[in-house]
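Report on one structure; see the data block that follows.
Because the structure is a prediction, the values reported are computed rather than measured.
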2 protein chains.
Amino acid sequence: MKHDRPKLRDVARLAGVSTATVSRALSNPDMVSEDTRAAVHAAIEATGYRMNLAARNLRHQRTGGIVALVPNLANPFFSQILSGIASVLGPAGYNLLVADTTGAGPDLLLDYAEPSRADGLIVLDGNFPMVALEPGRVPVVQACEWVPGLPAARVKIDNRAAAGVAVGHLLDLGHRRIGHVTGPANNVLTEARIGGVRDRLAEAGLPFPDEAVYQGDFSLDSGRQAAGQWLTQPRDSRPTAVFLASDAMACGFIGEVQRHGLSVPGDVSVVGFDDIELIAHIAPPLTTIHQPRAEIGRLAAERLLAQLRGESQADGDTILPVELLIRASTAPLAI
Amino acid sequence: MKHDRPKLRDVARLAGVSTATVSRALSNPDMVSEDTRAAVHAAIEATGYRMNLAARNLRHQRTGGIVALVPNLANPFFSQILSGIASVLGPAGYNLLVADTTGAGPDLLLDYAEPSRADGLIVLDGNFPMVALEPGRVPVVQACEWVPGLPAARVKIDNRAAAGVAVGHLLDLGHRRIGHVTGPANNVLTEARIGGVRDRLAEAGLPFPDEAVYQGDFSLDSGRQAAGQWLTQPRDSRPTAVFLASDAMACGFIGEVQRHGLSVPGDVSVVGFDDIELIAHIAPPLTTIHQPRAEIGRLAAERLLAQLRGESQADGDTILPVELLIRASTAPLAI
DNA sequence: ATCCTTGTTGCAACCGATTACATTATGCCT
DNA sequence: AGGCATAATGTAATCGGTTGCAACAAGGAT
């Protein structure tokens, strides 16, 4: 008998008012008189009514959801960003939808920018198809990575400067041959960070030869492979310090170096990037660039919400500060 | 002029047919003649029509979304599970909504079990309010953790047995005083794992005194604190080997022990739980119980989809195998 | 006493698709 | 030629709330 969920109409009938009144009692309480409001609430209580969000959203032309497009969900780097995003979206009454962009064609990705799918988009992937901001598509905020031509808000760090700081630290320690393990090709972060390295070395009047550049892809394994290359290079010409574009790679690098009987920082100083959870606790604790991930997520979400409220301009960068955390994986150049 | 998005009606008008026909051309192509289908598609092309999902979902009484309830999104342990879930849900045409349960009251959590919010629920938190399966709520699958009385499908590992295997390994190495760092109180995993330890020790005729149990909460820091306690205990009566209920805690434990000049596994053997990404590459590489996280996510999603299709019974456990990975953090008892 | 303002409430259109049912056209059978 | 099954399409109700507009009552100002 009570198999069907009660609808607004049922509540209205029981309370002896129209559906319009019930609707108003719920979403615009001040528009209905004290008495009716009470009657309506009693009826809601009695029927166990719960509103159908799909219907409301259809009428309101909104979905109540924000999509976060992540390059690789399995990468723990993103979990804290998502956590930051969720911490803002939840209280604001929005759902967080998460989608992994790996293996998704441009068509599928653009689908997420449909107003009937989500009210907004937080893009963590620098390879998002640029058409995203066509009229009739939802507002977009980019976080961490960004799409070069895309006129959407960005929340990020200054990767170029951060890389410069990392290299500067190694220079301060007396290192003169400094290597760099890059991120994947065609990635804005890769470009920015390698640019920062190049700039800083040039500023110091030091060379940056091709042999000092190791192609990586942010993954632990690519860091190990970079170490493999480094190990084969002649001891007296290879880098005495290496800056890697991710902590995961730094981990792999250190592991491989140690496996070959060499020591960090004894034989090579290592600086990572990101400051992911565990790397403060490995041996040796990793010197790295701290990136405020949760904060990036929070701010990205907040900027998006501001746009949805029409409060904020749709572009402009928010640059968050990074911090060089000096731990035990770097040491003065041994003479 | 073309500011509004075209609707079904616009396509119909342009194609010279009714909205019903357009709708059918899209969702039931065989019901319309070849000619009309072509005309409709031409009109769709011409107008740039894209369907409004909210409207379709309202009519279909579905949302196209599955919610994953995560105890703590920032914990990288869950990112791979989510990745597994997403890899199944995406291709099946479902959106993945992610919600963090920390700080959410029972009311809010139950809200996620509303049919107008999501079509199904994957619960990764053992403290979900039990009422979830009231009639009129959506199907639920539990993954990793589970709610004791809840008659919903479960995808998990045998935590008790896994803990037994971990302890067995330490026994095989000759250890007789074995400690355990637990998860948080009121957690089913904590209970199951400590139970497994107790069983295995009893089986071996060994005691399991209170001093050998350290209260943790899965976090890195609680592992460090446990090490602090262990370090204060008398050398000749404290455990010579410790099994920790999470890798994060094992990491913290090892770090703290090393910081005090002791060695792992020289002074204490350590076994973790989970096999998270990096711990194979720390020094020493951590011996641990591998948990197939992506697979857990995939299977949970598949069981839920099967339920949504009405293909599968709504309860019953799926138990996945674990694996003891012996690395370098455990060694035979020094005599 | 009349007009106007303010506060409540109902009617009915509306959001944008889907689909049961009705209608029309076509082809085949006897 | 009449009857009937079949295919293709249109009409309009429907999913479940929201909201512009109108109606009406009560109180105040003139």
Would you kindly give the CG-to-C1' distance between B/L26 and C/dG16, to the nearest whole Å?
-> 13 Å
Indicate, with a heavy-atom threshold strictly under 4.0 Å, whether B/T36 touches base, sugar-phosphate, or nothing.
-> sugar-phosphate
Give A/V17 one of three labels, base, sugar-phosphate or nothing, depending on what nucleic acid heavy atoms sit under 4.0 Å from its own.
-> sugar-phosphate
With respect to the phosphate group of D/dG16, does any side-chain polar atom (N or O) of A/Y49 fall under 4.0 Å of OP1 or OP2?
-> no
Atom OG1 of B/T63 and atom CG of A/N95: how far apart are they, to the nearest 0.5 Å?
-> 9.5 Å
Position toward the 5' end of DNA chain C (nearest nucleotide), B/N28 or B/A55 | B/A55
Separation of D/dT18 C1' from B/L58 CG (nearest whole Å) = 13 Å
What about B/R59, does its side chain sit under 3.5 Å from the base of D/dT14 through a donor-acceptor pair?
-> yes
Given that A/N52 and A/H60 both sit by DNA chain D, which one's nearest nucleotide is further toward the 5' end?
-> A/N52
Does D/dG17 have OP1 or OP2 sitting under 4.0 Å from an N or O in the side chain of A/S27?
-> no
So, A/D10 and A/K7, do they make that salt bridge, N to O below 4.0 Å?
-> no
Ignoring backbone atoms, establish whether A/Q61 has a side-chain N or O less than 4.0 Å from OP1 or OP2 of C/dC14.
-> no
Regarding B/T102 and B/D100, is there a side-chain donor-to-acceptor distance under 3.5 Å anywhere?
-> yes
Look at A/S33 and C/dT9 and indicate whether a side-chain polar atom (N or O) is within less than 4.0 Å of OP1 or OP2.
-> yes
What does B/S23 touch in the nucleic acid at a heavy-atom separation under 4.0 angstrom: a base, only the sugar-phosphate, or nothing?
-> base
How close or far is atom P of D/dA7 from atom CD of B/E34, stated in whole angstroms?
-> 15 Å
Assign each of A/K7 and A/A20 to its nearest nucleotide of DNA chain D by heavy atoms, then name whichever residue's nucleotide is nearer the 5' end.
-> A/K7
Between CG of B/D30 and P of D/dA8 the distance, given in whole Å, is 10 Å
With a cut-off of 6.0 Å (strictly less than), are more than 12 heavy atoms of other residues, nucleotides or ligands near CG of A/N186?
-> no
Which whole-number value in Å describes the distance from B/R5 CZ to C/dC15 C1'?
-> 14 Å
B/M31 has an atom CE; how far is it from atom C1' of D/dA7, in whole Å?
-> 9 Å
Send over the distance from B/R13 CZ to C/dA17 P, rounded to a whole Å.
-> 13 Å
Would you kindly check whether a donor in the side chain of A/R24 faces an acceptor in the base of C/dG10, or vice versa, at under 3.5 angstrom?
-> yes
Taking only N and O in the side chain of B/S18, is any of them less than 4.0 Å away from OP1 or OP2 of D/dT9?
-> no
A/R9 CZ to D/dT18 C1', in whole Å, measures 14 Å
Decide if atom CD of A/E34 counts as having more than 12 heavy atoms of other residues, nucleotides or ligands within a radius under 6.0 Å.
-> no
